[in-house]
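Since this is a predicted model, take the numbers as computed values, not measurements.
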Amino acid sequence: MATETVAKPRTSMRVGVQKFGTFLSGMIMPNIGAFIAWGIITAFFIPAGFTPNTDLAKLVGPMITFLLPLLIGYTGGRMVYGVRGGVVGAAATMGVIVGTDIPMFIGAMIMGPLTAWIMMKLESLWENKVKPGFEMLIDNFTAGIVAAVMAIFGMLVIGPVVKTFSNGASSVVEFLVNNGLLPFTSIFIEPAKVLFLNNAVNHGILTPLGTEQALTQGKSILFLLEANPGPGVGILLAYMLFGKGLAKASAPGAALIQFVGGIHEIYFPFVLMKPIIILAAIGGGMTGIFTLVVTGAGLRSPAAPGSIIAVFAATAKDSYFGVALSVLLAATVSFLIASVILKSSKSTEEDDLGAATSRMESMKGKKSSVSSALAGAGAGAGGVAVLAGPVRNIVFACDAGMGSSAMGASVLRNKIKAAGFPDVKVTNSAIANLSDTYDVVITHQDLTERAKPATASAVHVSVDNFMNSPRYDEIVELVKSSNTAGTPEADAGAAGAAVAAAPAAEAEAEETGPAGILVAESVILSGKATTRDAAIDEAGQLLLDRGAVDSGYLDAMHEREESVSTYMGSFLAIPHGTNAAKDHIMKSAVSVIRYPNGIDWNGKEVKFVVGVAGINNEHLHILSSIAKVFTNKAQVAQLEEATTVEEVLALFGKVNS
């Protein structure tokens, strides 16, 4: 059962917009390195570059015309339907590339995911209906036909439409610049950033348009509309001087990370804490854009992350003064407006209580009853959630998975290591890439609702401060309470959870089981099943063929799965019958099936399915032996790479010992 913090309700429309924005930026963000590579080559080797070189400049056109759109199309297709979706998405993208004479970034963002989605839907129509031996033939021809048709469709239909849209968008930008209206875009951009649409705005919209502009003009103002670090650092400087409590104490470190590290998300909580501060961000943003328009400055390529270092690295040769002045004036105006607001506004009782609670929790490392609960009804003593097993995997998730989440993961990782738990894995991820394989999921309070559906079985923790959140100390306490409870799970890990259910019975079990529990005939290196239920049938059939069980045991295996999942972690599932199915077992036996491509097991990937049937307490010994194998990463890797049944039998030798 998931345990979660109390979070403010969010409208479904806002969550939907965030998801769509995240999907758009998700096609660009992984390829930013390629954009920067193109920008560097352009800056140095074109005729107007730092070191003109006719031969090397030949890279510029093909990279922006073919490489970048193909990467975007592949990434978009892979997001929808894995590697196969990426391949057909890239192939279909060639259609819009050939059908136009402009860089087809937006066309790639359409064709990649659309083609992958069409193929996914088509293949679902005949899933599990193809005769054995014809799978590869059907799969390859389906991919080829879909890619070919969509490439033609992209060339004849999508390409011209996107070109018309791009020309229209460029005309709108030109109109705004010529009429001095471009600064007013900050009225929309700055609030969108604070609502965690920053990556969607920058990389989903501005980067494609800016790259097309940079190709013809050598630079683009659009790259700096969202990425300018000036407005954010101005707000943080105002909090440094006129803020109160934890906000004032956290502002200096946050300013350094925002300005030099480029993680803009770190100043969002300072705005959300006093929403009227958004006026400072808007004022600073408008000033920065106006300065860029007046000086004619711009960047050659995207600045990612939005660090002052990345900004200057991407600045065009003739734009250093304009860009520097833009950042300086944006920070100044933002600072002045925020300072006036902070000095003139009175702290409400809620603000004072929030600051006091944060300070108290930061000092004591404990929850206050008036603060957001970590676990709600599922909290244990002291308000710290207690999991059924040890905490093994913690993920800090944000919109793009590259900014605040990386910083938060670093802070929390150091805290957990200092507490004496170096084996607890702390990672960061984009929300779009989350899967239900984590014990604890940490997000900003405005993003928690988006993270829950993909990680329903995890403890959810909402934070409002990336620098020094008291939630981090609570998570350390959670790790301590869960990982030092003296349970067998803490020692055996995920795969040993089933063993720990009956430690007393296991103590009574014989240390060595009867020979022949696992035999070569019961090991399959490449299973045929593609679904959970089919995999259970396949594993159960091997037990049935051995004469270890009757058909009633297979029904009991499905019954067990419906009540309690047998997924154990480490890509392992151990389907077995219910306690009432003991009469259907004739002798102890184990079957092992490997699925190299993985199977969706209630949202979790399974590559190994181990069917188990045990008489008396023999099954406990079997599970214990299996746990020892799957809690050893090296042995799991050996299982994945095994090419013969004998190798698998050798690794599972303890089962027959």
Between the CG atom in Asn140 and the CD1 atom in Ile145, the distance rounded to the nearest 0.5 Å is 11.0 Å
Review point. Less than 4.5 Å apart, any side-chain heavy atom of Ile394 and any of Ile442?
Key: yes
Closest non-hydrogen atoms of Phe223 and Gly210, given as atom of the first, atom of the second and distance, are CZ-C, 3.3 Å
Shortest non-hydrogen pair, Gly107 vs Val96, comes out as C-CG2, 4.1 Å
Ring pair (Phe, Tyr, Trp, His ring centres under 6.0 Å) filter on Phe44, not counting sequence neighbours, yields Phe50
Asp318 meets the salt bridge (charged side-chain N to carboxylate O under 4.0 Å, His left out) criterion, sequence neighbours left out, with Lys219
In this structure, CD1 of Ile118 is separated from NZ of Lys121 (nearest 0.5 Å) by 11.5 Å
**Message:** Strictly distance-based, threshold 3.5 Å: is any side-chain N or O of Ser319 a donor or acceptor partner for the main-chain N or O of Thr315?
**Reply:** no
Hits for side chain to side chain donor-acceptor pair (under 3.5 Å) against Lys163, two or more places apart or cross-chain, chain-then-number order -> Asp101
Inset, instruction - Answer yes or no: is there a side-chain heavy-atom contact under 4.5 Å between Val88 and Arg84? - result: no
Distance col, row Ile158:CD1 vs Met150:CE, nearest 0.5 angstrom, shows 7.0 Å
By side chain to side chain contact (heavy atoms under 4.5 Å, CB included), Phe175 pairs with (sequence neighbours left out) Asn179, Leu181
Assign the ring pair Phe35 / Phe105 to parallel, tilted or perpendicular, where the plane angle (0 to 90°) is split at 30° and 60°. tilted
Stepwise, does the side-chain contact (heavy atoms from CB on, under 4.5 Å) test hold for Thr295 with Val323?
CA-CA 9 Å; Thr295 60; Val323 169; over 6 Å; no
Residue pair Ile138 / Glu123, side-chain heavy-atom distance below 4.5 Å:
no
Heavy-atom nearest pair, Gly285 first then Ser186, reads C-OG, 3.1 Å
If you define the side chain from C-beta out and look only at heavy atoms, does anything of Val149 sit under 4.5 Å from Val146? no
request  = Could you walk me through whether Thr185 and Leu176 pass the side-chain contact (heavy atoms from CB on, under 4.5 Å) test, one step at a time?
outcome  = CA-CA 9 Å; Thr185 58; Leu176 293 175; 4.2 Å; yes
Between Ala314 and Pro302, the two heavy atoms sitting closest are CB-O, 4.2 Å
Heavy atoms of Tyr438 and Ser435 approach each other most closely as CD1-O, 3.3 Å
Name every donor-acceptor pair, under 3.5 Å, that has one atom in a side chain of residues 231-243 and the other anywhere in the protein, sequence neighbours excluded.
residue	atom	partner	partner atom	Å
Tyr239	OH	Phe270	O	2.8

State, yes or no, whether a side-chain contact exists between Ser462 and Arg471 at a heavy-atom distance under 4.5 Å. no
Applying ring pair (Phe, Tyr, Trp, His ring centres under 6.0 Å) to Phe335 and not counting sequence neighbours gives none
Item checked: Side-chain touch Thr455/His460, heavy atoms, less than 4.5 angstrom -> yes
field: Main-chain N/O of Ile278 paired to Glu190 side chain as donor or acceptor, under 3.5 Å
entry: no
- Message: Between Arg300 and Ala313 (side chain of the first, backbone of the second, donor and acceptor by atom type, cut-off under 3.5 Å), is there such a pair?
- Response: yes
Interatomic distance, CZ@Phe184 vs CD1@Ile289, rounded to 0.5 Å, equals 10.5 Å
Other residues, nucleotides, ligands: >12 heavy atoms within 6.0 Å of Ile276 CD1
no
Contacts of Arg78 meeting salt bridge (charged side-chain N to carboxylate O under 4.0 Å, His left out) (sequence neighbours excluded), chain-then-number -> none
Sorted by chain and residue number, the side chain to side chain contact (heavy atoms under 4.5 Å, CB included) partners of Val157 (sequence neighbours excluded) come out as Phe153
Less than 3.5 Å apart, which donor and acceptor atoms pair up between the side chains of residues 57-73 and the rest of the protein, not counting sequence neighbours?
residue	atom	partner	partner atom	Å
Thr65	OG1	Gly61	O	2.8

Item to complete: Dump the intermediate steps for side-chain contact (heavy atoms from CB on, under 4.5 Å) on Thr93 and Met104, then the final yes or no.
Response: CA-CA 8 Å; Thr93 299; Met104 224 356 87; 5.8 Å; no
Show which side-chain atoms of residues 324-332 pair as donor or acceptor with protein atoms under 3.5 Å away, not counting sequence neighbours.
residue	atom	partner	partner atom	Å
Ser326	OG	Asn228	ND2	3.1
Ser326	OG	Gly288	O	2.9
Thr332	OG1	Leu328	O	2.8

By side chain to side chain contact (heavy atoms under 4.5 Å, CB included), Asp600 pairs with (sequence neighbours left out) none
Heavy atoms of Pro160 and Gly154 approach each other most closely as CD-O, 4.3 Å
- Message: Side chains of Pro191 and Ile282, heavy atoms from C-beta outward: is any pair under 4.5 Å?
- Response: yes
Stepwise side-chain contact (heavy atoms from CB on, under 4.5 Å) check, Lys417 with Val426: CA-CA 10 Å; Lys417 284 183 178 179; Val426 182; over 6 Å; no
Rounded to the nearest 0.5 angstrom, the CD1-CE distance for Ile106 and Met27 is 10.5 Å
Distance col, row Thr443:OG1 vs Phe396:CZ, nearest 0.5 angstrom, shows 7.5 Å
Taken in chain and number order and not counting sequence neighbours, the residues that satisfy salt bridge (charged side-chain N to carboxylate O under 4.0 Å, His left out) with Lys607 are Glu640
- Heavy atoms, side chains only, cut-off 4.5 Å: are Val333 and Leu336 in contact? no
